[in-house]
Structures are given as structure tokens and as C-alpha cells.
**Student:** 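Dumping the structure here so I can ask a few things about it.
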Amino acid sequence: MNPSLSKLLLGWYSEHGRTLPWRETDDPYSIWVIETLLQQTRISQAGDILKRFLLRFPTVESLATAPLEAVLQIWQGLGYYQRAHNLHRAAQLLHAIGGFDAFWKLKGQTPEALMTLPGIGAYTARAILSFSRKGDFLPVDGNVVRILSRLWADPTPKNRRSIYQEKADALPLSWRKREVAYALMDLAQLICTPKRPKCLLCPLSTECRASREGQAESFPPPAPRRNRPIRHYAFYLYSTAEKVWLEKRPANGLWGGLWCVPMTSLESPPQTVPDLQHDLTHFRLLGYVVRSTEPPPYTSAIPWAELALYGLPAPIRRLLMHEAERHRASLSL
DNA sequence: AACGCGGGGAA
DNA sequence: TTCCCAGCGTT
């Protein structure tokens, strides 16, 4: 890390950097929500939900006083639903002591203070402080890791993020870390891409060891491949032309707190074609729809017309849309 | 340190 | 198909 590097970077950023709407605000709440939605999620995927979320919950208080159900309704389809639980819970904790201003006074404007709130880790804490101009930090995310590991041709297979974050935290204030962070994120998205990086267009290529050695794409070293097992589930579907019977899933675990048809895991796969396939991070889910002849226990009847008011996992939403279409088709016969 | 946790778009 | 995304919490 040297000063000429940041000069090259900021020069490139002033000409090619993206203008993202949320870089205009300095409201810590908005930035917190944005950063949380974008955890492990592409901007293109979170965009619409982000707009709806901030419209529906514009302040800490509005989020803290809303039912979790309402939060999950907005969040549905985005995945990693524990983020929504934690955001909601943290908003309640924050609201109870009087909001962000009271929090700063009470706990201080430090990453460590923010990290005591559920759902806020090393990255998000620094992003909130830096992007709301309460401090100057360089939050190290996947983008920054990719660039730095290439810059140094760093073979470290894991634990890179925390090491790089420590280095970034040790940089002097003169580094203008907020600007550098924006610049690194844009460079990583536009030039220093995971596959086929455009090193010829990169302002740092002469400083980049991996690029000089023609090995940019080999960094960061790939994580050890995790095999993705197949799991089989039965989905118990009961519905009429008017209603469908759903249960709320337990708060923890897969699809926590969302509404779903009752499901049980099957030890041995049935010798039939699955009705539903859904890939998750750590396993492939194959689903077999079992049509019940009566409402399954512990379920609630949800009118089809009100289904939009409930938070559902994406594949279940698709399944039920298809089911509703079946009812419509049979009625019009 | 490893794992659970979602979903979709790009290559 | 595989990869990976503005990560975090638990074990």
C-alpha cells in the first residue's frame, strides 16, 4: 500500500466512478438498511426491494414499531431472511434508547459499538460510519478482497478479509478511505471482475503483481469446493378455489419466519419425478407435492387474494402461483 | 475454522 | 453447469 496507489485509484474514480443514489445520503439509518440488503446480494437484485423497504420503513422508529411480518413481506424473495430478523431486532434496540443520536452519545461512533447490534458485523459497521461521514473507514468486502489479493498476488486461501480489514484500519486519515472504498468497489465491478478482468483498462495494472504475472484470474484463490448434497422434501398442499392452507416456519433455520406449506424431509427419495427443484447455497432441494384431502394440522387458511400480504420463499411463491392458476383454469371450464 | 443461510444473473 | 454477489451468527 503506497500513496501513489490511491492517487491512481482516485484519478480513475473521478472519471469512471458510478453515481449511485445512496452515495448521496448521509443518513445512517438509510445506509444501514442499504448495506444490510446488499449483503451477499447484487445491486440489480435488491434494487426494487430496497426502494419499497425505505418507502415503507423510512426511519428507525417506523421499522422498530412495525411487526416482523411486515418486514418479511417486503423482504420476501431476497433470501438470507435472518438479515430481516436482525435488522428489525436491532431497530427495536436502537429505538428503545432513542435512535442513532442517542446511540452515538451512549456507545460512541466506533465499529465496535455498532457491532454489538445484531446483524452488524465488521463490514457493515464500518460502512455505516464511513458512508454517513461519522468516521473515515475502508470497509473490506468481497470486491476489496479481490483487488487487494490480486495487487499482492496473495496466496492466503482464507481469513483474508479480516487481515485486509486490519491493514485498512491502520491506514492514516490522509488516505480518504471513504473515497478509496467507493473507488475500489467500482473498479472491482467494472474492471477487476472475478472472471476475465480487464487489466488493460485498469489504472492499477502496473502496480498489480497478479496482473504483471498474467495471473489476475487466479486470485483470490478459489475456496475449497463444497459439494452440494441433494435433499428431498414432501410439501403438503391443501387448497380450495378460495384459500390455501399455510403455516409459519420457525424463526430460525431455512426460510425462518416465512409462510410455507407444511414440509417434511424425506430420508429416502421417492421413485417419482420431483415437482419442484430449488438450489440453495449448501444443498439442492427436490420437492414432492403431496395433495392433502383436508387442511394439515397447525395451518391457517389464507385467501388467495391476500397471499401478496404474506412473506413466502421464492420457490413456494412460484408453486402457489401455479396452483392458483389451476383453480382459475378449472373454474373457467 | 467451518458451516448454515437464498436467490438470481452471468459466463 | 459453476460461480459469486456492498456478510453475519453460531458452533
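Here is how names work: the chains are called A, B, and so on, in the same order as the sequence lines, proteins then strands, and each is numbered from 1. A quick note: this is a predicted structure, and the numbers were derived from the prediction, not measured.
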**Student:** Check whether the side chain of A:Thr41 and the base of B:dG6 form a donor-acceptor pair under 3.5 Å.
**Tutor:**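 Under the 3.5 Å cut-off, the side chain and the base do form a donor-acceptor pair.
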**Student:** My understanding is that only one of A:His322, A:Arg328, A:His327 makes a side-chain hydrogen bond (donor to acceptor under 3.5 Å, both in side chains) with A:Glu325; could you say which?
**Tutor:**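 That would be A:Arg328; it is the only one of A:His322, A:Arg328, A:His327 passing the side-chain hydrogen bond (donor to acceptor under 3.5 Å, both in side chains) with A:Glu325.
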**Student:** Rounded to whole Å, how long is the line connecting atom CH2 of A:Trp255 with atom P of B:dG7?
**Tutor:**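 Checked: the CH2 to P distance equals 6 Å.
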**Student:** Just the rounded figure in Å: distance from P of C:dG7 to CG of A:Leu117.
**Tutor:**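 So the two atoms are 19 Å apart, to the nearest Å.
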**Student:** Hey, which of these two, A:Arg318 or A:Asn252, hits DNA chain B nearer its 5' end, going by closest nucleotide?
**Tutor:**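 Nearer the 5' end of the strand: A:Asn252.
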**Student:** Which listed nucleotide (B:dC5, C:dA6, B:dG7) is nearest to the side chain of A:Pro315?
**Tutor:**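 That would be B:dG7.
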**Student:** Is the phosphate of B:dC5 approached by A:His282 (side-chain N or O, under 4.0 Å from OP1 or OP2)?
**Tutor:**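 For A:His282, the contact criterion (side-chain N or O under 4.0 Å from OP1 or OP2 of B:dC5) is met.
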**Student:** For A:Pro222, which contact category applies under a 4.0 Å heavy-atom criterion: base, sugar-phosphate, or nothing?
**Tutor:**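 Since no nucleic acid heavy atom lies under 4.0 Å of A:Pro222, the category is nothing.
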**Student:** Could you state the atom-to-atom distance from CG of A:Leu20 to C1' of C:dA6 in whole Å?
**Tutor:**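 My rounded result for the distance is 10 Å.
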**Student:** On DNA chain C, nearest-nucleotide positions of A:Thr281 versus A:Gln277: which is more 5'?
**Tutor:**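 Between the two, 5'-proximity favours A:Gln277.
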**Student:** Say you pick atom C1' in C:dC3 and the same atom in B:dG6; how far apart are they, in whole Å?
**Tutor:**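 Nearest-Å result for C:dC3 against B:dG6 at atom C1': 15 Å.
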**Student:** Of all the choices, C:dG7, C:dC5, B:dG6, which nucleotide is nearest to the side chain of A:Arg146 once you look at every atom?
**Tutor:**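 Nearest to the side chain of A:Arg146 among the choices is C:dC5.
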**Student:** Which nucleotide in the set B:dC5, C:dG7, C:dA6 lies at the smallest distance from any side-chain heavy atom of A:Arg161?
**Tutor:**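 Closest nucleotide to the A:Arg161 side chain: C:dG7.
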**Student:** Please evaluate the base of B:dG7 for a donor-acceptor partner in the side chain of A:Gln45 within a cut-off of under 3.5 Å?
**Tutor:**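 Donor-acceptor pair under 3.5 Å: yes.
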**Student:** Distance check needed: C:dG9 P versus A:Gln40 CD, whole Å only.
**Tutor:**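 That distance rounds to 13 Å.
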**Student:** Among C:dA6, C:dC8, B:dG6, which nucleotide has an atom closest to any side-chain atom of A:Gln39?
**Tutor:**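 Given the options C:dA6, C:dC8, B:dG6, the side chain of A:Gln39 is closest to C:dC8.
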**Student:** Rounding to a whole Å, what distance do you find between A:Met115:CE and C:dT10:P?
**Tutor:**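 In whole Å, C:dT10 P and A:Met115 CE are 13 Å from each other.
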**Student:** Answer with base, sugar-phosphate or nothing: what part of the nucleic acid does A:Ala46 contact at a heavy-atom distance below 4.0 Å?
**Tutor:**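 Nothing, no heavy atom under 4.0 Å.
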**Student:** Categorize A:Trp22 for me: base, sugar-phosphate, or nothing, with a 4.0 angstrom heavy-atom threshold over every strand shown.
**Tutor:**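 Result for A:Trp22 = base.
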**Student:** Go through C:dA6, C:dG9, B:dG4 for me and flag the one nearest to the A:Asn86 side chain.
**Tutor:**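 Side chain of A:Asn86 sits closest to C:dG9.
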**Student:** With respect to the side chain of A:Met185, which nucleotide from B:dG6, C:dA6, B:dG4 is positioned closest?
**Tutor:**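 Looking only at side-chain atoms, A:Met185 lies closest to C:dA6.
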**Student:** Should the side chain of A:Arg42 and the base of C:dC4 be counted as holding a donor-acceptor pair, with the cut-off at 3.5 Å?
**Tutor:**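 Side chain to base: pair present.
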**Student:** For A:Lys198, is the NZ atom crowded, meaning more than 12 foreign heavy atoms sit under 6.0 Å from it?
**Tutor:**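 Count over threshold, so yes.
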**Student:** Calculate the interatomic distance between A:Leu285 atom CG and B:dG8 atom P; express it in whole Å.
**Tutor:**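 That distance rounds to 14 Å.
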**Student:** Starting at atom CG of A:Asp279, determine the distance to atom P of B:dG8, rounded to an integer number of angstrom.
**Tutor:**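 A:Asp279 atom CG is separated from B:dG8 atom P by 11 Å.
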**Student:** What's the closest nucleotide to the A:Asp141 side chain, out of C:dA6, B:dG6, C:dT2?
**Tutor:**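 Closest of the options to the side chain of A:Asp141: C:dA6.
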**Student:** Kindly determine whether A:Leu246 and A:Leu307 satisfy side chain to side chain contact (heavy atoms under 4.5 Å, CB included), including the steps that lead there.
**Tutor:** CA-CA 10 Å; A:Leu246 304 179; A:Leu307 203 57; 3.9 Å; yes
**Student:** Roughly how far apart, to the nearest Å, are B:dG8 and C:dG9 at atom P?
**Tutor:**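 Their P atoms lie roughly 24 Å apart.
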**Student:** Which nucleotide in the list C:dC4, B:dG7, B:dC5 gets nearest to the side chain of A:Tyr81?
**Tutor:**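 Nearest to the side-chain atoms of A:Tyr81, counting from C-beta on, is B:dG7.
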**Student:** Check the distance between C:dA6's C1' and A:Phe137's CZ and give it to me in whole angstrom.
**Tutor:**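 So the CZ-C1' distance, A:Phe137 to C:dA6, works out to 17 Å.
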**Student:** Take the angle between the ring planes of A:Phe235 and A:Trp255 and call it parallel below 30°, perpendicular above 60°, tilted in between.
**Tutor:**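 Rings of A:Phe235 and A:Trp255: tilted, as their planes differ by 30° to 60°.
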**Student:** Identify whether A:Val289 and A:Tyr233 are in the same connected component of the hydrophobic contact network (ILVMFWY, side-chain heavy atoms under 4.5 Å).
**Tutor:**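 Yes; A:Tyr233 is reachable from A:Val289 via cluster members.
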